[in-house]
Amino acid sequence: MSAAMLTPEVIGRYTKPGPRYTSYPTAPEWKLFSPQDYAQTLNRFGASCESLSLYIHIPFCVSMCSYCGCNVVIRKANARVGDVYLDYLEKELTLVQHEIRRKPLLKQFHIGGGTPNYLQPDQLERLMQMVSAHFDWDPEAEIAIEMDPRLATDGHLDALRTLGFNRISMGIQDFDLKVQEAVNRVQPYDMVDNLMQGLRSRGFTSINMDLIYGLPFQSQASFEKTIDQVLALSPDRIALYSFAHIPWLKSHQRLIDPETLPVAAEKLGIFLMARERLLAGGYDAIAMDHFAKSTDEMAKAYHSGTLYRNFMGYTLKPADEYLGVGVTSIGFLAHTFAQNSKDLKGYYAALDRGELPVERGLVLTEDDQRRQWVISQLMCHFRVDKGEFLQRFGVNFETYFEAEQDHLAQCVAEGLITQDPTVISATALGRLFVRNVAMGFDWYLRQAQGHKQFSSTI
Ligand SMILES: C[S@@+](CC[C@H](N)C(=O)[O-])C[C@H]1O[C@@H](n2cnc3c(N)ncnc32)[C@H](O)[C@@H]1O
Ligand code: SF4
């Protein structure tokens, strides 16, 4: 895809609010969900489950990065805060297991945040003991943690090694000081270099770095330097996220002056430059916004069509069922989304009452499940195999998606996809705008045109 093909007209056509499809139906469609609803979901899941993925959310951060779109609670570093939170996580795990009524096999465990390494090394150890008390470990389990380099100590690295973590992800975003100052996250290159050396010397082999394009004061020239610095650090994987600017949902983002943000064409230019440089630097492009060394398992999974997507991002394990534990966390079990209370006080209060701290959720209809599969295929593989749809759901793709044929024809006419009787494939242009292709299958979006809940697709 050459930048020259991306005329202002093309960019303008596709720049609109749209979901990132870490879930379908997307979170705004979920309804109030009671502890009893969730207990039923867990019962149904427990009746047939063998294994699952577990996500635990640690919401605390010591300061607020002004671009942040995650669910965070700002607290000064304080071990007591972590201790209390762990007490509540333990209560939730006990309630959940009471409803599942068995000890399933964990094939994937992910601690995310906020900042999971806000917890001290001994607290991480306690967390692992709690998890091991409620689940059995698949010997091949992926055990992942998101880290903020600014809070990472040697003690953390030693503990992560001893506790069996085999996937480390760290937030970088941008190395340029002006950008870092503008987003209230100053994190020098040397700090990250030291952390990388500490991780490599302890034998960690799967290290990811998160970057964001579209931040204030970013330009192609400035971000090119960041990319070169990242290449010098040689992480195994890189996530290159589009800045989700959603000040109507995240009020602290109002601290960012919109005038300092690159406009859509510039933002896309930054992405394309970064993409080219990463490809030239020995990385493979993986689905929408990830890159991995060609020798890395994620690249292999992508090329062999066995990459999956859920709230934890892209994953190598079939992520059909996952349990979310902790404030605001999301799970998907027995074709049902469930999200915990987003407010720490409310989360604690529910657990004090002995109730599952769930707030919202959705039991997927048959139609939801079909669309969920199609959208996930587009987001992970840039293609939809119509024969596989028939095999899975027992319905002909063209017949079922009759109302979507106009959208598909338009996507073909605009060069976003090609299609024949067996398969839909995104073109190079369509890969850049895969969210726009997927949006045509989103039944809920069609009912509410112009939804302002989502970030821009560029
Ligand atoms: C929970 S954070 C990572 C761990 C740790 N809190 C840190 O920042 O280092 C997950 C990642 O989400 C991404 N992120 C956060 N807010 C975002 C936004 N508004 N748009 C796009 N990506 C965002 C960042 O790349 C961040 O590293
Ligand atoms: S980007 Fe990470 S450290 Fe910054 S506020 Fe968000 S979760 Fe916390």
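Nothing fancy with the numbering, it's 1 onward along the sequence. Just so you know, ligand 1 is whichever comes first in the structure, and atom 1 is the first atom listed for that ligand. Basis for what follows: all heavy atoms, side chains included, without hydrogens, waters or symmetry-related copies.
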(request) Have a look at M170, H245, R185, E146 and point out the one with the heavy atom closest to atom 7 (C) of ligand 1. (result) R185

(request) Determine whether the side chain, the backbone, both or neither of F243 has a heavy atom under 4.0 Å from any heavy atom of ligand 1. (result) both

(message) Which of the numbered atoms in ligand 2 are under 4.0 angstrom from any heavy atom belonging to D148?
(response) 3 (S)

(request) May I ask whether G114 places a heavy atom under 4.0 Å from ligand 2? (result) yes

(message) For F204, does the six-membered ring have the charged nitrogen or CZ of R161 within the cation-pi criterion, i.e. under 6.0 angstrom from the centroid and within 45° of the normal?
(response) yes

(request) Number the atoms of ligand 2 from 1 as they appear, then name those within less than 4.0 Å of a heavy atom of R150, with their elements. (result) 3 (S)

(message) Does K345 qualify as a cation-pi partner of Y348, given the criterion of NZ or CZ under 6.0 Å from the six-membered ring centre and within 45 degrees of its axis?
(response) no

(request) Any atoms of ligand 1 less than 4.0 Å from a non-hydrogen atom of Q253? List them with their elements. (result) 19 (N)

(request) Check whether more than 12 heavy atoms from other residues, nucleotides or ligands sit under 6.0 Å from atom NE2 of H335, and answer yes or no. (result) no

(request) Identify the protein heavy atom lying closest to atom 6 (Fe) of ligand 2, giving its residue, its atom name and the separation to 0.1 Å. (result) C68 SG, 2.3 Å

(request) Before giving the answer on side chain to side chain contact (heavy atoms under 4.5 Å, CB included), spell out for R150 and M170 the whole-Å C-alpha distance, their side-chain angles and the decisive distance to 0.1 Å. (result) CA-CA 10 Å; R150 297 169 301 169; M170 62 177 87; over 6 Å; no

(message) Strictly below 4.0 Å, N to O, side chains only: are R277 and E224 in salt-bridge contact?
(response) yes

(message) When you compare the side chains of Q108 and Y55, does any donor N or O come within less than 3.5 Å of an acceptor on the partner?
(response) no

(request) Identify the protein heavy atom lying closest to atom 17 (C) of ligand 1, giving its residue, its atom name and the separation to 0.1 Å. (result) G69 N, 3.7 Å

(message) Checking S222 against D176: is there a side-chain donor and acceptor pair closer than 3.5 Å?
(response) no

(request) Apply the side-chain hydrogen bond (donor to acceptor under 3.5 Å, both in side chains) test between H110 and each candidate in E142, E146, R167, H57; give the one that qualifies. (result) E146

(message) Taking the ring centre of each residue, are Y283 and F291 less than 6.0 Å apart?
(response) no

(request) For the pair R371 and D442, find out whether any cationic side-chain nitrogen is under 4.0 Å from an anionic carboxylate oxygen. (result) no

(message) Taking only non-hydrogen atoms of R185, do any sit less than 4.0 angstrom from ligand 2?
(response) yes

(request) For atom 1 (S) of ligand 2, grab the closest protein heavy atom and report residue, atom and distance to one decimal in Å. (result) Y67 OH, 3.2 Å

(request) Run the numbers for me: atoms of ligand 1, each under 4.0 Å from some heavy atom of G113, listed by number. (result) 1 (C)

(request) Report the part of I212 (side chain from C-beta onward, or backbone N, CA, C, O) that has a heavy atom under 4.0 Å from ligand 1; answer both or neither where that applies. (result) side chain

(message) Could you identify the single nearest non-hydrogen protein atom to atom 11 (C) of ligand 1 and state the distance to 0.1 Å?
(response) D210 OD2, 3.3 Å

(request) Tell me which one of S66, G114, G112 gets a heavy atom nearest to atom 4 (C) of ligand 1. (result) G114

(message) Return the closest protein heavy atom for atom 5 (S) of ligand 2 as residue, atom name and distance.
(response) C65 N, 3.5 Å

(message) Using a 4.0 Å cut-off to any heavy atom of S242, which atoms of ligand 1 qualify?
(response) 20 (N), 21 (C)

(request) Check ligand 2 against T115 and write out every atom of the ligand that is under 4.0 Å from a heavy-atom position of the residue. (result) 3 (S), 8 (Fe)

(message) At less than 4.0 angstrom from any non-hydrogen atom of C68, what atoms of ligand 1 do you find?
(response) 16 (N)

(request) Around atom 18 (C) of ligand 1, find the nearest protein heavy atom and jot down its residue, atom name and distance. (result) Y67 O, 3.7 Å

(request) Starting from atom 12 (O) of ligand 1, locate the nearest protein heavy atom and write down its residue, its atom name and how far away it is, to 0.1 Å. (result) C70 SG, 3.9 Å

(request) Go through ligand 1 atom by atom and flag the ones less than 4.0 Å from a non-hydrogen atom of T115. (result) 6 (N)

(message) Any N/O/S atom, side chain or main chain, of C70 closer to atom 8 (Fe) of ligand 2 than 2.8 Å?
(response) no

(message) Please list the nearest protein heavy atom to atom 8 (Fe) of ligand 2 with its residue and the distance rounded to 0.1 Å.
(response) C61 SG, 2.3 Å

(request) Check ligand 1 against Q173 and write out every atom of the ligand that is under 4.0 Å from a heavy-atom position of the residue. (result) 8 (O), 24 (C), 25 (O), 26 (C), 27 (O)

(message) Is Q173 close enough to touch ligand 2? Criterion: a residue heavy atom under 4.0 Å from a ligand atom.
(response) no

(message) Side chains of H303 and D284: any donor to acceptor distance under 3.5 Å?
(response) yes

(request) Among all protein heavy atoms, pick the one closest to atom 13 (C) of ligand 1 and tell me residue, atom and distance. (result) Y241 CD1, 4.0 Å

(message) Please confirm whether the ring centroid of Y85 lies under 6.0 Å from the ring centroid of F60.
(response) yes

(message) Taking atom CD as the centre, does E297 end up with more than 12 heavy-atom neighbours from other residues, nucleotides or ligands that are less than 6.0 angstrom away?
(response) no

(message) Between the side chains of R185 and D174, is the shortest nitrogen-to-carboxylate-oxygen separation below 4.0 Å, so that they form an ion pair?
(response) no

(request) Starting from atom 20 (N) of ligand 1, find the nearest protein heavy-atom neighbour and note its residue, name and distance. (result) A244 N, 2.9 Å

(request) Go through the side-chain N and O atoms of Y302 and D296 and say whether any donor and acceptor fall under 3.5 Å apart. (result) no

(request) Say whether D210 and Q173, considering side chains only, have a donor N or O and an acceptor N or O under 3.5 Å apart. (result) no

